[in-house]
Every structure is written in C-alpha cells, then in structure tokens.
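Note that the numbering runs from 1 along the sequence shown for the chain. Worth saying up front: this structure is predicted, and the values here are computed from it rather than measured.
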Amino acid sequence: MRVTTDDQGTCMEAGFLDNALVLIAVLEKNGRVITWNHAAETITGYRQDEVIGGTEIWKHLYPDEEYRRNVTQKIADILATKNYFENFETVIHTRSGEERVIRWNTKEIGEGRLRRAVAVGMDITRQRDADAFRESIIDNAHVLFAVLDPLGNILVWNKAAEKITGYSHDEVIGRRDVWKRLYPEAEYRRTITHQIEKLISAQSYFENLETTILARNGERRIISWNTRQIGSAGHYQEIAIGRDITALRTAEDALTAYMTEMAMRLKQPIEIIGDNLHEVAGLVRDGKLTPEEIIMVLEGQSRNANQIAANVREFQKAIVEKSRKIPVAYRNFLGR
C-alpha cells in the first residue's frame, strides 16, 4: 500500500485516496503533510517520501514569496469565517518547472488534537488553457460578441463590441442598461423588442436581424444580429453576434444613387435617338429619303450613341475614383 499515514483510517480508505484522480493531501493544523496520494505525486512531481511529515512542499509549489504570502492570507481570510474553502484557485510550480492551475476544496475532519484538513486539488490547467484560447478567439473576433443571461444582463462583451458601441467591458458586464443607450428612442426600442420576441417565440433564435444602434460617440451604426441559445431551460444563456454592416449599407446606397443618376442622365438622350430612328424609319417607308440621306442619319445617330457610351465610361471612372465606399467588386465592374 503506497499511502501510509498516522490516522487516515479515521477519514477514508487508503485505496480510495491513492487511486483518486485528484490531488489529495491530509494536513495537520500547521500545514504538515500526513497524506500525499499518487495523483499529488503525478501533478506536482514530488514523491510521497519527500513530502510526508514536513511543510517544505508548500515553498516548492509556491516559490515566489510574495505570491505565497498572498495565498496564505487569502486562505486565512476564508478560514476566519468558515472552517473550509471551496473552488479556491492557485497556480503551483511543479518540480519540472511547469505552472499548473489547481482548484482547491477543503474539509475538516476529526476533533481536538486529531483534527485534520483534507485538501482536494483538481488540476484545471487544460481547462484554463482552453478557456483562454476560446476567450482569445472571442475577444479578437471582428464582430460584436455578447453573451446574455435570461434577464438580459451581459456576461461577455468582446473588444469588437467595445469598438463598435464605444462602451467598455467594465461598463456593461453584469448590467443590461446598455441596451437603452444603444436604442435611446423608446418607440424604436419597443418595436425592436417586439420583433425579437416574435422571432424567438417561433424558433428560439433569429438570423440577420438588422437594427440601427446609437454608438457612444453619436454615430448610428447598422448591425446585423444572429443569436443562439445555449444551456437548458431555466439556465440558458443567449449568444448574440452582431456584424457592423454600416459600410456595406452605405456602399449599397452610394451604388443605388449612382445607378439612379446614370439612368436619369441616359433616359433623355436614348429616347431622342429612339425617336429619331423611328422618324427615319417612317421616312424610309414613305420613300422620302435617298440612300445617302439614310446613311447620313444613321451615322449621326451612331455618333450620338458613341457619345453616350463615352459619357457613361467617364461617369463610371469618376464615381469609382471618388467613391471609395463602393465595394471593390462593384468598382471593378464599373471600371470595365
């Protein structure tokens, strides 16, 4: 049997201790270790025979004196109000020099001189790394990313959300009043809320819902929203992803204005050419024009058509060069 302690029979079976997948240590009041299971050896790199009966292990696991002092003070503060602590996270240094994040839970056992503390440490390093990776992706995404609780309070607010809205992470986390700031007009806010409620009641999410928000700097931004629910009933959260499509809509408006103006400019001269050709066709039917006159008229209308085409090309070039808001694909098309 690997685990040998003075009086562990009073707390749990040795086999359970040694085969547990979490670090388990039984400590005296002064921190002296009397039990150090196999998982503790694996996680820390320190063998049982090096640890049992002493307190030096804590200096090895927390070599930075200032950090060790802070951890000790936090533990003392917790134990001043209750005789245990839960989900207390610290960073230890293993024998190999790695840093591991450990989540600690403790419980007192025994009485009087036999009182001991059972410390259970779960290695959550991978979980923390995964969380950090996920948070990095969310924080560096180029779309507004927010997570809301069932009451609309904001739990996650990424950097893009800060940039688009002008409201910082610290200002919005745990609150829901940012929505009143983003939608200050009460009537518009009611309309949007009703629209969202109608969509969610039908399918519990919505896609490509466009709304106009008022950013902190007074600019109006057009946001295309997509949402998904995660979790179970009563404990769900709402993920809201907002894409700022203001530039796209501005480009579309510019293109629409361009097309409208071009159509207006082309309408009259094209109608004139059409009327002239119609008139010439009638004269030809009546035999009132000689072949030379017909050729002359057609050449004149051809010159008019060429001039219209030249005007269109010039107009295209001017629009493309002056309006950088028109998307590249549109500019390439117009520049042909």
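- Linking Ile, Leu, Val, Met, Phe, Trp and Tyr whenever their side-chain heavy atoms come within less than 4.5 Å puts Ile294 and Val297 in one cluster.
- Rounded to the nearest 0.5 Å, atoms CD (Glu171) and CD1 (Ile154) are 11.0 Å apart.
- One N or O on the side chain of Arg68 and one on the backbone of Tyr62 form a donor-acceptor pair closer than 3.5 Å.
- Looking at heavy atoms from C-beta onward, Leu182 lies in side-chain contact with Thr165 at the 4.5 angstrom threshold.
- One distance of note links CZ of Arg216 with OH of Tyr167; it measures 5.5 Å at 0.5 Å rounding.
- Within a 6.0 Å radius of CD in Glu66, other residues, nucleotides and ligands contribute more than 12 heavy atoms.
- Between Lys107 and Glu86 there is no salt bridge, since none of the side-chain N atoms of the basic residue sits less than 4.0 Å from a carboxylate O of the acidic one.
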Practice task
Given side chain to side chain contact (heavy atoms under 4.5 Å, CB included), test Trp36 with Ile57 step by step and report yes or no.
Solution key: CA-CA 11 Å; Trp36 192 252; Ile57 183 60; 3.9 Å; yes
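- The closest side-chain heavy-atom distance from Val118 to Thr106 is not below 4.5 Å.
- Nearest heavy-atom pair across Gly152 and Arg176 is O-CB, 3.3 Å.
- Side-chain contact between Arg32 and Glu56 is absent, with no heavy atoms from C-beta onward closer than 4.5 Å.
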Practice task
Please lay out, stage by stage, how Glu28 and Ile34 fare under the test side chain to side chain contact (heavy atoms under 4.5 Å, CB included).
Solution key: CA-CA 7 Å; Glu28 292 182 340; Ile34 57 177; 4.0 Å; yes
Exercise for the section: Starting from the C-alpha separation in whole Å, work towards a yes-or-no answer on salt bridge (Lys or Arg N to Asp or Glu O under 4.0 Å) for Glu50 and Arg95. Expected result: CA-CA 12 Å; Glu50 297 176 291; Arg95 182 170 221 148; 2.6 Å; yes
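- Side-chain contact, Thr246 with Asp244: a donor N or O sits under 3.5 Å from an acceptor N or O.
- A 6.0 Å sphere centred on NE2 of His142 holds no more than 12 heavy atoms belonging to other residues, nucleotides or ligands.
- Annotation: cation-pi pair Arg189/Tyr183 absent, no NZ/CZ under 6.0 Å from the ring centroid and within 45° of its normal.
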Problem - Stepwise salt bridge (Lys or Arg N to Asp or Glu O under 4.0 Å) check, Glu219 with Lys163 - result: CA-CA 12 Å; Glu219 289 185 3; Lys163 184 177 179 181; over 6 Å; no
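- Rounded to the nearest 0.5 Å, atoms CZ (Arg303) and CG (Leu298) are 10.5 Å apart.
- Linking Ile, Leu, Val, Met, Phe, Trp and Tyr whenever their side-chain heavy atoms come within less than 4.5 Å puts Ile78 and Tyr67 in one cluster.
- Taking both residues in full, the closest heavy atoms of Leu21 and Ala39 are given as C-CB, 4.0 Å, listed atom of the first, atom of the second, then distance.
- When the shell of 6.0 Å around CZ of Arg115 is examined, it contains more than 12 heavy atoms from other residues, nucleotides or ligands.
- Residues Tyr188 and Ile196 share a single hydrophobic cluster, defined by chaining ILVMFWY side chains whose heavy atoms lie under 4.5 Å apart.
- Between Lys159 and Glu162 there is no salt bridge, since no side-chain N of the basic residue sits under 4.0 Å from a carboxylate O of the acidic one.
- Under the 4.5 Å side-chain heavy-atom criterion for grouping Ile, Leu, Val, Met, Phe, Trp and Tyr, Leu283 is connected to Ile273 within one hydrophobic cluster.
- Looking only at side-chain heavy atoms (C-beta outward), Leu148 and Leu155 stay at 4.5 Å or farther from each other.
- Under the 3.5 Å distance criterion, the side-chain polar atoms of Glu293 are matched with a main-chain donor or acceptor of Thr290.
- Side-chain contact check for Leu23 versus Trp104: some heavy-atom pair is nearer than 4.5 Å.
- The pair Arg228-Glu207 meets the salt-bridge criterion, since a charged nitrogen lies less than 4.0 angstrom from a carboxylate oxygen.
- A salt bridge does not link Arg100 with Glu89: every distance from a Lys NZ or Arg NE/NH1/NH2 to an Asp or Glu carboxylate oxygen is 4.0 Å or more.
- Checked against the 6.0 Å centroid threshold, His60 and Tyr46 count as a close aromatic pair.
- Checked by atom type and distance alone, the side chain of Asp286 never pairs as donor or acceptor with a backbone atom of Lys288 at under 3.5 Å.
- In this structure, Phe85 and Ile75 approach most closely via the heavy-atom pair CE2-CG2, 3.8 Å.
- A salt bridge links Arg249 with Glu210: the distance from a Lys NZ or Arg NE/NH1/NH2 to an Asp or Glu carboxylate oxygen falls below 4.0 Å.
- In this structure, CG in Asp170 is found 11.5 Å from CZ in Arg175, a value given to the nearest 0.5 Å.
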Practice task
Show your reasoning for whether side chain to side chain contact (heavy atoms under 4.5 Å, CB included) applies to Glu279 and Asp275.
Solution key: CA-CA 6 Å; Glu279 183 180 352; Asp275 291 343; over 6 Å; no
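- When every heavy atom of Ile102 is checked against every heavy atom of Asp123, the shortest pair comes out as CD1-CA, 3.8 Å.
- Within the 3.5 Å criterion, the main-chain N or O of Pro184 finds no donor-acceptor partner in the side chain of Trp179.
- Between Val22 and Asn37 the shortest heavy-atom distance is O-ND2, 3.0 Å.
- When Leu277, Val280, Ile272 are each tested for a side chain to side chain contact (heavy atoms under 4.5 Å, CB included) with Gln301, only one passes: Leu277.
- Judged purely by atom type and a 3.5 angstrom limit, Thr227 uses its side chain to pair as donor or acceptor with the backbone of Phe206.
- No side-chain heavy atom of Tyr84 sits less than 4.5 Å from a side-chain heavy atom of Glu108.
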Exercise for the section: Given side chain to side chain contact (heavy atoms under 4.5 Å, CB included), test Arg243 with Leu144 step by step and report yes or no. Expected result: CA-CA 6 Å; Arg243 186 163 60 96; Leu144 185 160; over 6 Å; no
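- In this structure, CG in Leu289 is found 10.5 Å from CE in Met296, a value given to the nearest 0.5 Å.
- A salt bridge links Asp177 with Arg181: the closest approach of a Lys/Arg side-chain nitrogen to an acidic carboxylate oxygen falls below 4.0 angstrom.
- In this structure, a donor-acceptor pair under 3.5 Å is absent between the side chains of Glu299 and Ser302.
- Connection of Leu214 to Leu209 is not established within any shared hydrophobic cluster, with ILVMFWY side chains joined at heavy-atom distances below 4.5 Å, either directly or through further cluster members.
- Going from atom CD of Glu41 over to atom CZ of Arg47 covers 8.0 Å, rounded to the nearest 0.5 Å.
- The neighbour count for Lys59 NZ, taken as heavy atoms of other residues, nucleotides or ligands under 6.0 Å away, does not exceed 12.
- Exactly one of Ile92, Thr72, Val33 qualifies for a side chain to side chain contact (heavy atoms under 4.5 Å, CB included) with Trp58. That residue is Val33.
- Heavy-atom minimum distance, Ile241 versus Phe145: CG1-CD1, 3.9 Å.
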